[in-house]
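Below, chains carry the letters A, B, ... as their sequence lines are ordered, and counting in each starts from 1. As the structure is a computational prediction, the values presented were derived from the model and not from experiment.
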Amino acid sequence: MPDNISAALLSWYDANARTLPWRSAPGPYRTWLSEVMLQQTQVATVIPYFERFTARWPDFESLAAADDADLMSAWAGLGYYARARNLLACAREVAQRGALPDSEAELRTLPGIGGYTAAAIAAIAFGRRAVVVDANVERVVARLFALEEALPGAKPRIHALADSITPQERAGDFAQAMMDLGATVCTARAPACLACPLRRACAGFAGGAPERFPLKARKPDRPLRHGTIFWAERDGHVLLVRRPAKGLLGGMRALPTGPWTDSPPGLADAPFDADWRIAGAGVSHGFTHFRLDCALATATIAEHSGQVTGEWWPVAAIGDAGLPTLFAKAAKALGRGR
DNA sequence: CATCCGTGGGT
DNA sequence: TACCCAAGGAT
């Protein structure tokens, strides 16, 4: 049965593989870059970022020489900004070593490369047999075997089952085929079982309710937190700061804020004394594990007193500052965004 | 092992 | 609308 599954899937893939930028001119650099961008991020979102990155930084050497701020700005909007910091650290390490290692174990030691990404690069870029398990594979496997054990506890079991159906040859194509299948046929909400090449082998389909798998524990509600975002304008420029390297939106250029709190903090934590005014509209933003409501405070000043650490950015070019979405929303709400 | 870490698409 | 979900990794 395992051989039947991989053969049927590879045959389907040969006829139905998606055309994706990283599948043309393949190689270690493009495979690595795409896999990092695709972590917890959908294909449609990644494509324009991948195109811009590969046009500007076509190989490890050019990326390794990139300016940190330029890299972070180019990543702005893609989320999970630790990926961008690790991307740069990884590129510099690879440039120093001369090449990306081709074994799972060595790949696994590089910044930003965990178990999934190491397996994916080994299989896709280097033709190694590796067991590649992402959320698509988890879903397809859970349905194929009608797995009653819930995630995340079922991960070891799913990995073993994925191993059992991974072929000795073409493991990279097999992995990509599983992900294409999960993204286009074996989807989370309404799987298109009648179009599935694995239908006859699928215990979930046989049971009549494949969409029930994989079982998952319900996630707790996200708490609501509050903050204030400060828009300080002087002579056509707005004050921007660099957030601390670690933590939320770490390392990103940003508008000044105070810490997030359980109730609206108002004008506490303003970057300097001024005639701050709360704007009529605020911004709401959802993060992975909490929701955030922010008031917007504005001040226009002739010159600031005291030390202000940050940079004064042309308001007309605020769209080029590389701001994370929360702050891009704030600029837009104030009529300064694009 | 549980938390933390973004964002946009789809329903 | 509110929620689930996505080519996960680091701590």
Side-chain angles (χ1 to χ4, degrees), chain A residues 17-18 20-23 30-50 72 75-87 89-90 107-125 130-140 151-153 155-156 159 162 172-184 186-191 211 214-225 243-252 254 260 284-292 323-329:
Chain A
R18 288 178 290 177
L20 301 171
W22 41 92
R23 289 178 180 171
R30 292 165 67 86
T31 299
W32 163 75
L33 178 62
S34 67
E35 288 302 339
V36 173
M37 287 184 164
L38 286 161
Q39 290 166 3
Q40 291 288 285
T41 310
Q42 297 183 152
V43 164
T45 303
V46 165
I47 286 176
Y49 283 88
F50 182 83
M72 299 307 288
W75 196 275
L78 199 52
Y80 284 142
Y81 298 100
R83 291 186 295 173
R85 301 193 299 274
N86 288 329
L87 192 82
C90 185
L107 286 163
R108 184 71 179 73
T109 68
L110 293 168
I113 299 184
Y116 160 77
T117 305
I121 294 172
I124 296 170
V131 181
V132 182
V133 182
D134 75 326
N136 288 298
V137 176
E138 286 180 347
R139 185 171 58 256
V140 172
L151 288 171
K155 283 179 180 289
H159 188 278
D173 284 345
F174 177 79
Q176 296 183 87
M178 289 286 277
M179 294 188 275
D180 277 20
L181 188 75
T184 64
C186 195
T187 56
R189 298 289 176 81
E211 69 283 355
L215 279 63
K216 292 185 182 181
R218 189 187 181 285
K219 292 169 184 172
D221 292 339
R222 292 183 299 172
L224 176 62
R225 308 179 75 177
R243 291 180 62 83
K246 295 185 177 180
L248 190 76
L249 309 176
M252 298 300 290
W260 317 132
S284 293
H285 192 70
F287 291 103
T288 303
H289 54 293
F290 68 95
R291 294 170 297 131
L292 180 65
L323 296 178
T325 298
L326 169 66
F327 302 110
K329 279 185 182 177

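Under the 3.5 Å distance criterion, the side-chain polar atoms of A:Gln39 are matched with a main-chain donor or acceptor of A:Gly112. Between the side chain of A:Arg30 and the backbone N or O of A:Pro21, at least one donor-acceptor pair lies under 3.5 Å.
Remark: A:His285 is in phosphate contact with B:dT7, judged by side-chain N or O atoms under 4.0 Å from OP1 or OP2. OP1 or OP2 of B:dC5 has at least one side-chain nitrogen or oxygen of A:His289 nearer than 4.0 Å.
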Practice problem: Determine, for nucleotides 1-11 of chain C in 5'-to-3' order, which nucleotides have protein heavy atoms under 4.0 Å from the base (write B), from only the sugar-phosphate (write S), or from neither (write -). | Solution: ---B-BBBSS-

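The ring of A:Phe287 has its center closer than 6.0 angstrom to the ring center of A:His285.
Between B:dT7 and C:dT11, the two C1' atoms lie 22 Å apart (nearest whole Å). If you take atom C1' in C:dA10 and the same atom in B:dG8, they sit 24 Å apart, rounded to whole Å. Comparing the same atom, C1', in B:dG6 and in C:dA6 gives a spacing of 12 Å after rounding to whole Å. Atom name C1', nucleotides C:dG9 and B:dC1: the rounded distance is 15 Å, in whole Å.
B:dG6 atom C1' lies 15 Å from atom CZ of A:Arg225, rounded to whole Å. When the P atom of B:dG9 is taken as reference, atom CG of A:Leu78 falls 12 Å away, rounded to whole Å. Separating the CZ atom of A:Phe290 from the C1' atom of B:dC5 is a distance of 9 Å, rounded to the nearest angstrom. Counting to the nearest Å, the P atom of B:dG6 and the CE atom of A:Met37 are 16 Å from each other.
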Quiz item: What do the steps show when you test A:Arg139 against A:Asn136 for side chain to side chain donor-acceptor pair (under 3.5 Å), and what is the final call?
Solution: CA-CA 5 Å; A:Arg139 185 171 58 256; A:Asn136 288 298; 2.9 Å; yes

Practice problem: Show your working on side chain to side chain contact (heavy atoms under 4.5 Å, CB included) between A:Leu38 and A:Thr117 and close with a plain yes or no. | Solution: CA-CA 10 Å; A:Leu38 286 161; A:Thr117 305; over 6 Å; no

Exercise. Would you check, one step at a time, whether the test side chain to side chain contact (heavy atoms under 4.5 Å, CB included) holds for A:Leu78 with A:Arg83?
Key: CA-CA 10 Å; A:Leu78 199 52; A:Arg83 291 186 295 173; 3.7 Å; yes

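Side-chain contact between A:Trp22 and A:Ile124: absent, with no pair of heavy atoms (C-beta onward) separated by less than 4.5 Å.
Between A:Leu248 and A:Ala44, the residue anchored closer to the 5' end of DNA chain B is A:Leu248, taking for each the nucleotide with the nearest heavy atom.
Among the protein residues, A:Leu249 comes within range of the sugar-phosphate backbone only, with heavy atoms under 4.0 Å from sugar or phosphate atoms but none that close to a base.
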